[in-house]
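Presented below is the structure to which this report refers.
Note that these values count all heavy atoms, side chains included, but never hydrogens, waters or copies made by symmetry. Naming convention: chains lettered A, B, ... in sequence-line order (proteins, then strands); numbering from 1 in each chain. What you see is a predicted model, and the numbers here were worked out from it, not measured in a lab.
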Number of protein chains: 2
Amino acid sequence: MRIGELAERSGVSRDTIRFYERNGLIRSIAGTSDTNNYRDYPEDNLTALDFFSKARTAGISIADLRDIMQAIAGSCDRADAITVIRAKISELQERATQVQNVIKFLEQSIDGD
Amino acid sequence: MRIGELAERSGVSRDTIRFYERNGLIRSIAGTSDTNNYRDYPEDNLTALDFFSKARTAGISIADLRDIMQAIAGSCDRADAITVIRAKISELQERATQVQNVIKFLEQSIDGD
DNA sequence: CCAAACCAGTGACAATGGTCCATTGTTTCG
DNA sequence: CGAAACAATGGACCATTGTCACTGGTTTGG
């Protein structure tokens with residue numbers, strides 16, 4: 001599909017999609033037309049963009065997402081990919097604990113009310 | 001204490017402490033000397049900075065931290081403060097769920113290995 | 001056919017969260 | 001005393017994460 005449709009269906013703006021592409025988060029392929037150079041964005045970018053949106057609000061950086069996507073897609077070495085992803089999972093679990101700690105702190109600060 | 005000691009003991013750099021102060025996260029008081037204008041940083045800034053460090057790695061913004069600190073310290077209206085903090089707690093719980101979702105996604109991506 | 005909508009590419013701009021540097025003045029310690 | 005360490009202030013600079021605007025070309029619906 002073309003970028004407009006992808007933007008529409010994913011809820012991610014054209015500019016942001018292009019930004020993500022520049023940063024290696026997604027890939028598009030050259031269109032087949034000989035009159036334009038509109039690029040084609042495969043369907044699976046919808047899944048990816050949806051994941052990115054969730055991950056970004058969860059505070060995961062573009063760089064991390066790039067690592068993850070490369071690990072998943074770049075099947076050059078499956079074992080390496082899994083190692084990368086497991087590491088990210090650990091980081092995220094650590095992050096989750098940190099968030100819980102902050103919640104606890106805040107709860108204590110209003111304790112008794 | 002002076003800023004150097006605070007930096008040393010909190011593990012937060014001078015520059016960052018000053019940055020936080022400029023942004024209303026902490027407060028210092030004018031020193032008593034008549035020859036210098038070194039500021040005095042009360043002991044409780046240690047607790048605050050420790051909290052900030054954790055909160056920042058948990059992905060909480062400076063603006064949020066300022067809101068929280070103002071709510072806790074500015075006792076102008078206790079009920080308002082509690083409302084603010086409860087709202088932040090909700091946001092954080094939402095964030096925690098998001099992080100869990102991303103973890104799930106990642107786990108599925110390496111499922112079976 | 002033609003205007004409106006779309007596309008690519010570029011570069012400027014903005015907010016956030018720091019970090020670094022230079023200058024000037026103060027304190028501290030050997 | 002004098003050098004080294006420390007403090008205050010101010011501004012420059014950096015990466016990250018987008019967003020906006022402009023140009024020039026393409027497609028599409030009425």
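Without hydrogens or angle criteria, A/R18 side chain to A/R22 main chain gives no donor-acceptor distance under 3.5 Å. Checked by atom type and distance alone, the side chain of A/N23 never pairs as donor or acceptor with a backbone atom of A/L25 at under 3.5 Å. In this structure, the side chain of B/D40 engages the main chain of B/M1 through a donor-acceptor pair within 3.5 Å. Between the side chain of B/S53 and the main chain of B/L49, a donor-acceptor pair closer than 3.5 Å is present.
B/F52 places its CZ atom 15 Å from the C1' atom of C/dG18, with the value rounded to the nearest Å. When rounded to the nearest whole Å, the span between CG of A/L65 and P of D/dT16 equals 13 Å. Distance CD1 (B/I29) to P (D/dA8): 12 Å, rounded to an integer number of Å. Rounded to whole Å, the distance from CG on A/L49 to P on D/dT17 is 16 Å. Rounded to an integer number of Å, the gap from A/L6 CG to C/dA8 P is 11 Å. One atom, CG of A/N23, and another, P of D/dA15, lie 13 Å apart when rounded to the nearest Å. Taking atom CD1 on A/I60 and atom C1' on D/dT17, their separation rounds to 15 Å, with Å as the unit. Taking atom CZ of A/R9 as the reference point, atom P of C/dC6 lies 16 Å away to the nearest angstrom.
When each of A/R2, A/E5, A/E21, A/R27 is tested with A/Y41 by the rule side-chain hydrogen bond (donor to acceptor under 3.5 Å, both in side chains), just one qualifies, namely A/E21.
Contact record, B/S28 with B/R39: OG-NE, 2.6 Å, taken as the closest heavy-atom pair.
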| field | Contact pattern, 5' to 3', of nucleotides 18-30 of chain D - B, S or - by protein heavy atom under 4.0 Å | value | BSB----BBSS--

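Contact between the side-chain N/O atoms of A/R18 and the OP1/OP2 oxygens of C/dG9 is not found at any separation under 4.0 Å.
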